[in-house]
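Here is the structure we will look at, set down as structure tokens.
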Amino acid sequence: MDFIRQVISRDLKTGKYGGRVVTRFPPEPNGFLHIGHAKAICLNFGIAAEHPGGRCHLRLDDTNPDTEKSEFVEAMKEDIRWLGYDWGEHLYHASDYFEALYRYALALIDKGLAYVDSSTEAEIRERRGNVTTPGTDSPFRDRAVKVNRDLFERMRAGEFPDGSHVLRAKIDMAHPNMVMRDPLLYRIRHSHHYRQGDDWPIYPMYDFAHCLSDSLERVTHSLCTLEFENNREIYDWLLEHVDAPAPRPEQTEFAPLVLDYVVTSKRRLKELVRAGRVRGWDDPRMPTLAGLRRRGVTPEAIRTLCDMVGVARAQSRIDAGKFEYAVRDDLNRRAPRAFCVLDPLRVVLTTYPEGAEETFTAPALPGGGDGHPVRNLPFGRDILMEREDFAENPPPGFRRLVPGGEVRLKYAYVIRCDEVVRDADGRVAELRCSVDHATRGGVAPTGRRVRAAVHWVAADHAVSAEVRLIDRLFLEPEPPPDDFMRAFNPESERVVPGALAEPGLADAAPGVHYQFERLGYFFSDPVDCVDGRLVFNRTVTLRDSWAARSGGNPSSGAAAGASRRKVRPRETGQPAPGQSLHTDTERRRFREAVSLGATEAAAASLARSQPLLEIFGAARGTYPEGSASIAAWLVNEITRLTGSDPEARLERLDPAALADFARAVDGGVVSHRQGRTIIAELLRRGGSFEEARAGLDLSEIADEATLRALLEEILAEYPDKAAAYRNGQKGLLGFFVGEVMKRSRGKADPRKTSRIAAGMLEG
RNA sequence: UGGCCCGUCGUCUAAUGGCAGGACACCGGUCUUUGGAACCGGCGGUGGUGGUUCGAAUCCACCCGGGCCAACCA
């Protein structure tokens, strides 16, 4: 289960949202949905579907009137439905909330938490500072509430021109998170909105509109990609300060889907369309859902890919092979097979009677026996085969037709190449072959071994088709961001105008999948395959270990890969603990801590933290011999607890209690394991060591016979593991100790258990 | 140079202090009327150094590497 689903099941268990699971997919309708969006769609709609009563809203995030269009909205709906998801009645638009949003803004102004800034755009930018230097306050920052309210109402009334004022949150111009430096909430824009018309001269910004839209829709889990991490702080700030109803939605970020050899930024996709490198948003080469659909990629394949990719926070790139696998895996099951010759070479069967004809049948899908659909393959004296399947000077390992050699015309006959006929230019024009009549139906008599079977069509019955060989759009796995066009693959589409296919394809409907045997999966183009014209897009090639070996096919997964290598950090000398301290103060504290008895490793950590250092000093005052131990507990366990347990507070820890605690642990009065329980309690509730110790269940199983019995039981249950341990897999000791810990609910003495277990296993 | 986030086989991802596992890719084999598919097997990993612990991928510290943030875009 991925980390987001874990968060959701935890919330379900604690009842945080009363058992509700509401997600949302919030695209901005200013372009087409692409493969990267598919991950977010599968995640959000997938999660909703997994929970009874779960919902996923489709919300068009239409707060920028200058770029958004209803055509995009319609395309998005179509793409989401095509992917297999349904928002039911939960179709929303951020623009429907404009009135509510406006009221929230007014409320913020009234609380003195928002102001109208009348600076110019350049001034605002200037005063924002940059990542290393703090910003400066706007001269308009301290306008009276009354003035702000008046100005903002007049902004809404349309009294001011574009750019003359903005509404900003009043937070902190020196905030280390740039997003929090008085973010803009509203701007003036006298633009026509595709849904709201000319009702609004002001438009909310993303940060303002997004969290409030989530809240208004009572969304529980607001999932977005990693680049919005910095925005989570303003998301929470706004919901808190407008007193949004609790429980409030919570934003969680995950890594976006990034595919090798693909670009997905809207800017770049738009540029490809604009520059005419592709024929449109739905060009089969495009990574848009519309493009993938037209190319023949199925929704199932995309969903499989998303499953394979998973959901995590680590930045990742998906290699093209994984995408191709998902596509082939689905198409292999469903695509009927057909013969289609891309580059025909004429073959005259000299021993086949002139004018004779017969028809062979072949399975439409592999593995079919009786009762499975078949196709008819007419056969005659003139045959066309793939030029590539013949080689006069075969490279080593070539298994197909060579002069004097044999090949099987799949489902028909084995033929032998007797003569190579050339044209005036010396190019192979025709092969003259003899037919082995004993191999009728393609079945070789026992003992005959014909290595290769090739596809073919009968010259008199072939139908002509246009085949578009789609390849990857870019030549580099990661097109350079500054100049991505440089990596454009000029051969991303190769058109074969005169391919010849088996006659069964003559009336192929648009939008149907085929496997052209030995070539790949193809899809009759849903747009161009009309009026008796046959047009096929190559969805993906077949895996081809021969092409991979001979380096022939750039788009096969086998030939790809091996390009990107992670840069391993250079080995450098490691600084000694005290060496990494940067200020004189820290160095002084380090020396002090060391002189007081802390180890160097612990002292380096103490030196960086004033509060830790203080407690260390105070605690060791009453127990000087325990300095090293006190320092170690502070640096390791206590730092861990204060960082992970929100109830654990360093201030609650009484130095005297810490000293008593350390003395008890060092003296063996309490074990290390018990110590961890006690120290957690001291951080949570404070008090003395004895109080904490008395109030906790610290019972321990240290009785040898009990532990031994427990181990007997486990050893009997896992004889294979015990044997593996004796065979040298010493890491298994941890497994046995772990089992004892589990079964004793953490009460067993691990040190003793470990010793006994080792003894029993060796014995 | 500030803040935040992230480092596990070539790639993606599990292991929530207790057996480093799966998928894709790759290599080999079986089978085969697709150099396909299926099946079987193999290769291969915790960025580094210290520390805490009976036990560390997991906790602590530092180092190294990567990403995001300075639109009146989202």
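Residue numbers start from 1 in every chain, and the chains themselves are labelled A, B, ... in the order their sequence lines are given, proteins ahead of strands.
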Exercise. Have a look at A/V450 and say if it touches a base, only the backbone sugar-phosphate, or nothing, with a 4.0 Å heavy-atom cut-off.
Key: nothing

Exercise. Rounded off to whole Å, could you give me the CG-to-P distance for the A/D389 and B/G36 pair?
Key: 14 Å

Self-check item: Whole-Å gap separating C1' (B/C19) and OH (A/Y718)
Solution: 11 Å

Quiz item: Quick one: is A/R543 getting a side-chain N or O under 4.0 Å of the B/A37 phosphate, OP1 or OP2?
Solution: yes

Exercise. Encode nucleotides 69-74 of chain B as B, S and - characters from 5' to 3', where the letter depends on protein heavy atoms closer than 4.0 Å: B to the base, S only to sugar-phosphate, - to neither.
Key: BBSBSB

Quiz item: Hey, is A/E739 close enough to A/K721 for a salt bridge, meaning N to O under 4.0 Å?
Solution: no

Self-check item: Separation of atom CG in A/L542 from atom P in B/A37, rounded to whole Å
Solution: 6 Å

Exercise. State which of B/A37, B/C60, B/G35 makes the closest approach to the side chain of A/V635.
Key: B/C60

Quiz item: Does a salt bridge link A/D214 with A/R59, judged by any charged N lying under 4.0 Å from a carboxylate O?
Solution: yes

Practice problem: State, to 0.1 Å, how close A/T67 and A/N30 come at their nearest heavy-atom pair, and which atoms those are. | Solution: O-CB, 3.4 Å

Self-check item: Check ion pair A/R168-A/D182 (N to O, under 4.0 angstrom)
Solution: no

Practice problem: Could you tell me whether A/D66 and A/R189 have a side-chain N and a carboxylate O separated by less than 4.0 Å? | Solution: yes

Quiz item: What interatomic distance, in whole Å, is found between C1' of B/A25 and the corresponding atom of B/G66?
Solution: 23 Å

Quiz item: On a whole-Å scale, what distance lies between the C1' atoms belonging to B/A15 and B/G21?
Solution: 7 Å

Exercise. Would you mind checking if A/D329 and A/R333 are paired as a salt bridge, meaning a charged N to carboxylate O distance below 4.0 Å?
Key: yes

Quiz prompt | Donor-acceptor under 3.5 Å (A/Q251 side chain, A/Y235 main chain) | solution = no

Quiz item: Rounded to whole angstroms, how far apart are CD on A/Q315 and P on B/G65?
Solution: 14 Å

Quiz item: What about the rings of A/F152 and A/Y186, do their centers lie closer together than 6.0 Å?
Solution: yes

Quiz item: Counting only side-chain N and O atoms of A/R313, is one of them less than 4.0 Å from OP1 or OP2 of B/C6?
Solution: yes

Exercise. May I ask you to say whether A/E717 pairs ionically with A/R743, meaning some side-chain N is under 4.0 Å from a carboxylate O?
Key: yes

Quiz item: Roughly, in whole Å, what's the span from CG in A/L226 to P in B/G66?
Solution: 17 Å

Practice problem: Extract the stems that RNA chain B is part of, considering only consecutive pairing runs of at least three Watson-Crick or G-U wobble pairs, both distances under 3.5 Å. | Solution: B:2-7 with B:64-69, B:10-13 with B:21-24, B:26-30 with B:38-42, B:47-51 with B:59-63

Quiz item: If you measure from the Lys or Arg side-chain nitrogens to the Asp or Glu carboxylate oxygens, is any gap between A/R518 and A/D389 under 4.0 Å?
Solution: yes

Self-check item: From CA spacing to verdict: ring pair (Phe, Tyr, Trp, His ring centres under 6.0 Å), A/Y411, A/F360
Solution: CA-CA 7 Å; A/Y411 304 125; A/F360 294 105; 9.0 Å; no

Exercise. Considering only atom P, compute the distance from B/G18 to B/U58 and round it to an integer number of Å.
Key: 11 Å

Quiz item: Given atom CZ of A/R337 and atom P of B/U34, what is their separation to the nearest angstrom?
Solution: 11 Å

Quiz item: Which nucleotide in the set B/G35, B/U11, B/C59 lies at the smallest distance from any side-chain heavy atom of A/R400?
Solution: B/G35

Quiz item: Within the structure shown, what part of the strands sits under 4.0 Å from A/Q515 by heavy-atom distance: base, sugar-phosphate, or nothing?
Solution: base

Quiz item: Quick check, are the ring centers of A/H190 and A/W200 under 6.0 angstrom apart?
Solution: no

Quiz prompt | Contact pattern, 5' to 3', of nucleotides 52-58 of chain B - B, S or - by protein heavy atom under 4.0 Å | solution = SSB----

